[in-house]
Colleague: 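Shown below is the structure under consideration.
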2 protein chains.
Amino acid sequence: MKYYEQIQLSKQNEQHLYVQLFEAIKNFILEGLIVADEKLPPIRQLAEVLGVNNATVVKAYELLEKEGYIYKRIGSGTFVSPDIRSKMGSTAPDKFPLDEDLSLMNRGQIQIQEHMISFASATPTPDLFPVDDFQDLLNEILNRDKGNAFGYQESQGYYPLRESLVAYMKQYEINTKPENIQIISGAQQGIDVIAKAFVNPGDVVIVEKPTYTGAIATFKSRGAKIIDIEIYKDGMDIEKLETVIQKHKPKLIYMMPNFQNPTGYSYSDGKKHKILELAYQYDLQIVEDDYLSDLSFYNTENITLKSIDQHDQVIYIKSFSKIFMPGLRLGFLVLPEKTYHRILAAKHASDISTSGLIQRAFDLYLRKGIWKRHIHFMEHIYKERFEIMDLAIRKHILPYGVTYNPPLGGLSFWLCLNENFSTNQLYNIAAKKNILMVPGAVFFVGQKDSNCFRLSTAAVYPEQIEPGMIALSEAIREYIEKKESRKNSTSVYTPLL
Amino acid sequence: MKYYEQIQLSKQNEQHLYVQLFEAIKNFILEGLIVADEKLPPIRQLAEVLGVNNATVVKAYELLEKEGYIYKRIGSGTFVSPDIRSKMGSTAPDKFPLDEDLSLMNRGQIQIQEHMISFASATPTPDLFPVDDFQDLLNEILNRDKGNAFGYQESQGYYPLRESLVAYMKQYEINTKPENIQIISGAQQGIDVIAKAFVNPGDVVIVEKPTYTGAIATFKSRGAKIIDIEIYKDGMDIEKLETVIQKHKPKLIYMMPNFQNPTGYSYSDGKKHKILELAYQYDLQIVEDDYLSDLSFYNTENITLKSIDQHDQVIYIKSFSKIFMPGLRLGFLVLPEKTYHRILAAKHASDISTSGLIQRAFDLYLRKGIWKRHIHFMEHIYKERFEIMDLAIRKHILPYGVTYNPPLGGLSFWLCLNENFSTNQLYNIAAKKNILMVPGAVFFVGQKDSNCFRLSTAAVYPEQIEPGMIALSEAIREYIEKKESRKNSTSVYTPLL
């Protein structure tokens with residue numbers, strides 16, 4: 001009864017008592033405080049401890065059963081469902097972590113259901129977030145700063161946070177100063193602000209092919225001419241890049257040098273240096289979107305361009321959405337000295353300033369060193385998933401003639417079917433088998449379909465991965481069979497097992 | 001000792017004990033729990049109650065004295081300073097509420113000092129914010145929703161909040177539904193998102209002359225051709241407006257029909273209806289920026305265009321920065337049905353979604369009805385300031401030949417000197433007298449100086465207003481004398497008293 005005794009129900013609360021109780025027990029289950037097949041207390045006993053009617057407990061248990069959290073065994077009582085962890089993060093529509101790519105892609109298409117396994121979302125599930133730490137910090141800030149935490153913050157960002165970030169970046173070998181940091185409301189706003197500052201209609205922007213959907217949308221919105229250059233497993237083709245630079249004189253090159261989204265590829269050290277040399281030679285601005293360089297599982301090359309940039313050509317975007325929490329809506333830019341004023345004006349015209357409350361809480365989070373523990377935790381979680389995923393892909397997916405360059409870290413896996421195949425169609429077949437992935441088309445500029453697709457391990461639990469890959473392999477087989485049967489109505493596709 | 005006994009000092013805290021004590025007592029003073037000339041407890045007694053060394057209390061008192069919060073009277077003890085309320089909201093650089101207009105205007109110019117009286121800031125001081133209510137709500141949300149409060153929120157906004165806003169808008173006679181509401185991270189983002197959705201380079205946007213600086217910046221950033229039409233005390237000239245519409249076919253008309261910023265003017269009912277008729281006739285999109293219609297002190301006409309819009313031509317922007325707290329970074333749009341998709345895509349490309357935590361807390365704030373109490377409180381506070389201000393302007397400023405159309409509510413007062421006078425120069429003279437106002441130039445499209453300026457009562461205390469206006473009148477006299485002496489080195493300016 002250890003946990004149950006702590007439950008506090010209140011009649012002042014606008015929710016019914018039984019709903020409050022339902023929520024409390026549900027949270028125990030989601031947090032792993034009570035585990036699969038553990039027995040729940042008998043109704044009468046729990047009612048007595050909590051000082052409520054038996055009926056309240058009965059209704060709460062009914063609701064928990066209905067939503068699949070618990071099951072009854074006649075004569076022996078009520079127990080926590082064994083498959084409950086797989087429900088986490090997807091128990092209600094608003095609890096489904098709407099990923100940036102997903103929400104764009106999915107509009108008006110397939111209805112996302114709670115029982116689906118989502119290899120589509122690149123957003124970690126809410127159970128991984130350091131919520132309790134943040135709640136303490138928010139309270140500490142509000143007690144300390146009162147109303148000041150809710151005033152306008154400086155557009156450039158709360159100065160002490162900029163100081164903390166300077167210290168934080170030292171570990172990533174980026175040396176900067178508070179004056180060159182611009183706080184942003186998430187990486188997407190970073191791209192938007194940079195585009196506002198530098199891109200005018202007709203300007204050329206170079207991106208990787210494929211690249212992050214949100215960047216394409218923003219550059220398009222500024223009227224840019226977007227030129228995409230294919231990315232290989234060690235980065236863009238440098239000669240091709242130089243030719244395009246010479247011909248088109250781009251305003252910006254937007255890239256993710258480590259664990260690129262969607263491919264998961266990382267640039268080789270050699271290519272990183274060559275890209276910087278081009279930047280120096282042609283006085284180019286490079287936008288480095290570092291959403292994940294922290295997630296290198298094997299001590300492989302994952303230096304950032306910014307850390308080796310000797311002539312201040314790189315605008316560095318850092319997001320905390322994958323490592324800490326997307327809902328912080330917090331990130332920052334490390335700016336070349338000369339760009340500071342333009343960026344600040346663009347930030348101001350975008351939303352004046354980022355929430356001071358969140359900035360102040362995150363400042364404490366960094367100052368107190370709590371983030372280190374959390375990054376290790378996330379590395380551990382993601383590495384486990386990464387390895388299971390890599391194995392499952394090799395075992396279940398590659399036999400269908402799928403090509404795949406395994407990444408060295410991160411959350412994304414990029415797989416390609418034969419060239420004339422459609423992953424839009426595969427998406428629909430897989431969704432019917434309750435498997436979600438992202439069809440490649442959303443990552444290309446002006447392309448409506450693609451033979452490639454992205455899988456992500458951010459929002460799946462380890463035990464979901466292999467069953468998920470098996471179901472996906474069935475979807476692939478089914479898709480290929482359909483396609484073949486159109487060509488030749490008698491052949492049956494046999495995988496290369 | 002009632003309040004002092006509640007002080008909790010902790011050695012685990014990263015701040016020194018004496019700093020913690022300093023902060024605690026400072027907050028008592030700022031919150032009005034201990035008042036001017038009230039005696040503080042003797043050092044030994046307080047040290048005993050708190051279980052700290054005498055030296056800790058001594059150092060805390062020294063710091064309080066140094067920052068002007070308390071004073072010593074030899075032989076009788078330590079007391080709260082009498083002029084302390086005027087220090088509120090401006091005791092430290094990051095505590096100065098950086099207003100949107102101010103921060104743009106002031107970059108690199110006069111250093112804002114803490115002892116200045118700011119008629120420039122249109123942002124309420126932090127002591128007016130409902131911080132305690134929000135702290136309770138944030139905790140309630142985090143206990144209820146855990147990690148879900150920090151996941152990505154739907155780009156359109158948290159559904160329950162959109163429901164609450166539908167109910168909230170009913171009181172303002174705006175009937176809408178959750179599907180037509182778009183949550184935004186403050187009104188500035190609202191303008192930015194609308195501009196992204198509708199304005200392309202070369203498109204014409206009509207604005208009032210003068211208008212809100214942040215809107216000008218955003219439309220310019222989209223490459224719009226901005227045409228400004230003079231606003232009179234009952235609104236724009238309708239004939240002029242129609243001529244411009246016919247000639248230029250604008251994409252948008254951006255306006256603030258109630259208590260316009262910076263003039264404080266409100267459109268007459270007649271003009272409001274005529275503008276809507278033009279919108280129907282020419283199929284025009286009107287952007288109604290309603291940052292303050294709640295602040296009508298005298299039951300005067302302050303209906304919104306949206307409430308009388310019969311053909312869905314108005315995009316309505318509602319900000320909570322002036323009424324609740326700017327640091328919420330929260331507002332919403334009420335959208336015409338047909339614009340929903342474009343706006344959603346633009347919001348997504350801007351920052352994906354607005355903080356789910358804040359949305360959830362604000363939802364409870366509305367559902368529980370706490371906002372009503374706060375709006376009444378703010379009305380009361382602002383009305384008092386408004387009346388003192390209006391009187392002080394008439395008494396001290398108008399005798400210098402200044403023209404002024406008194407507004408009927410809101411926070412802004414728009415005053416004009418003779419036509420060839422410069423309020424940029426006046427700004428500098430006034431600042432030397434520790435008075436801040438906003439020189440009119442920032443509110444005009446491509447104008448470097450203006451004979452008008454804006455005063456605001458958002459960030460001044462009632463007792464500061466008259467002394468502030470007297471000092472401003474001296475600045476005006478000084479400016480006029482200087483100007484006259486250049487023309488005629490012997491004349492001395494005599495005000496029309």
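In the text below, chain A, chain B and the rest are named by the order of the sequence lines, each starting its count at 1.
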Colleague: Is A/Phe150 close to chain B through its backbone or its side chain, or both, or neither, when contacts mean heavy atoms under 4.5 Å?
Modeller: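 Interface part for A/Phe150: both.
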Colleague: Atom OH of A/Tyr152 and atom OG of B/Ser321: how far apart are they, to the nearest 0.5 Å?
Modeller: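 So the gap between those two atoms works out to 3.5 Å.
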Colleague: Specify the closest pair of heavy atoms between A/His348 and B/Gln188, including all atoms of both residues, with the distance to one decimal.
Modeller: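 Closest approach of A/His348 to B/Gln188, heavy atoms only: O-CG, 3.5 Å.
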Colleague: With a 4.5 angstrom heavy-atom cut-off, which part of A/Phe324 approaches chain B: side chain, backbone, both or neither?
Modeller: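 Contact with chain B involves no heavy atom of A/Phe324 at all.
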Colleague: Where is the tightest heavy-atom contact between A/Arg144 and B/Glu23, given as atom of each residue plus distance?
Modeller: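 Looks like O-OE1, 4.3 Å.
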Colleague: Of all the heavy-atom pairs spanning B/Gly147 and A/Phe129, show the shortest one and how long it is.
Modeller: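 Closest pair (atom of B/Gly147, atom of A/Phe129, distance): O-CD1, 3.3 Å.
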Colleague: Measuring heavy-atom distances to chain B, does A/Ser353 have an atom under 4.5 Å in its side chain, in its backbone, in both, or in neither?
Modeller: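 Its backbone and side chain both get close to chain B.
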Colleague: Using a 4.5 angstrom heavy-atom cutoff, name the option from A/Gly186, A/Ser221, A/Gly223, A/Ala346 with the most pairs to chain B.
Modeller: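 Winner by heavy-atom pair count: A/Ser221.
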Colleague: Looking only at heavy atoms, what is the nearest atom pair of A/Ala349 and B/Ala217, with distance?
Modeller: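 Of all heavy-atom pairs spanning A/Ala349 and B/Ala217, the closest is CB-CB, 4.3 Å.
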Colleague: Which one of A/Leu138, A/Leu330, A/Asn139 has the most heavy-atom pairs closer than 4.5 Å to chain B?
Modeller: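 Ranked by heavy-atom pairs under 4.5 Å with chain B, first place is A/Asn139.
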Colleague: For the candidates A/Gln135, A/Lys220, A/Gln189, which exhibits the highest count of non-hydrogen atom pairs separated by less than 4.5 Å from chain B?
Modeller: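 Sorted descending by pairs with chain B, the first entry is A/Gln135.
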Colleague: Minimum heavy-atom separation for B/Asp351 to A/Arg329, with atom names?
Modeller: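 Smallest interatomic distance, heavy atoms only, reads O-NH2, 2.5 Å.
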Colleague: So which residue, B/Thr354, B/Asn200, B/Leu128, B/Leu142, ends up with the most heavy-atom pairs under 4.5 Å with chain A?
Modeller: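 Going by pairs under 4.5 Å, I would pick B/Leu142.
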Colleague: Supply the atom-to-atom distance A/Ser355 OG to B/Leu357 CG, rounded to the nearest 0.5 angstrom.
Modeller: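 If I round to the nearest 0.5 Å, the distance is 8.5 Å.
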Colleague: Salt-bridged, A/Lys196 to B/Asp192, with N to O below 4.0 Å?
Modeller: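 The answer is yes: the pair qualifies as a salt bridge.
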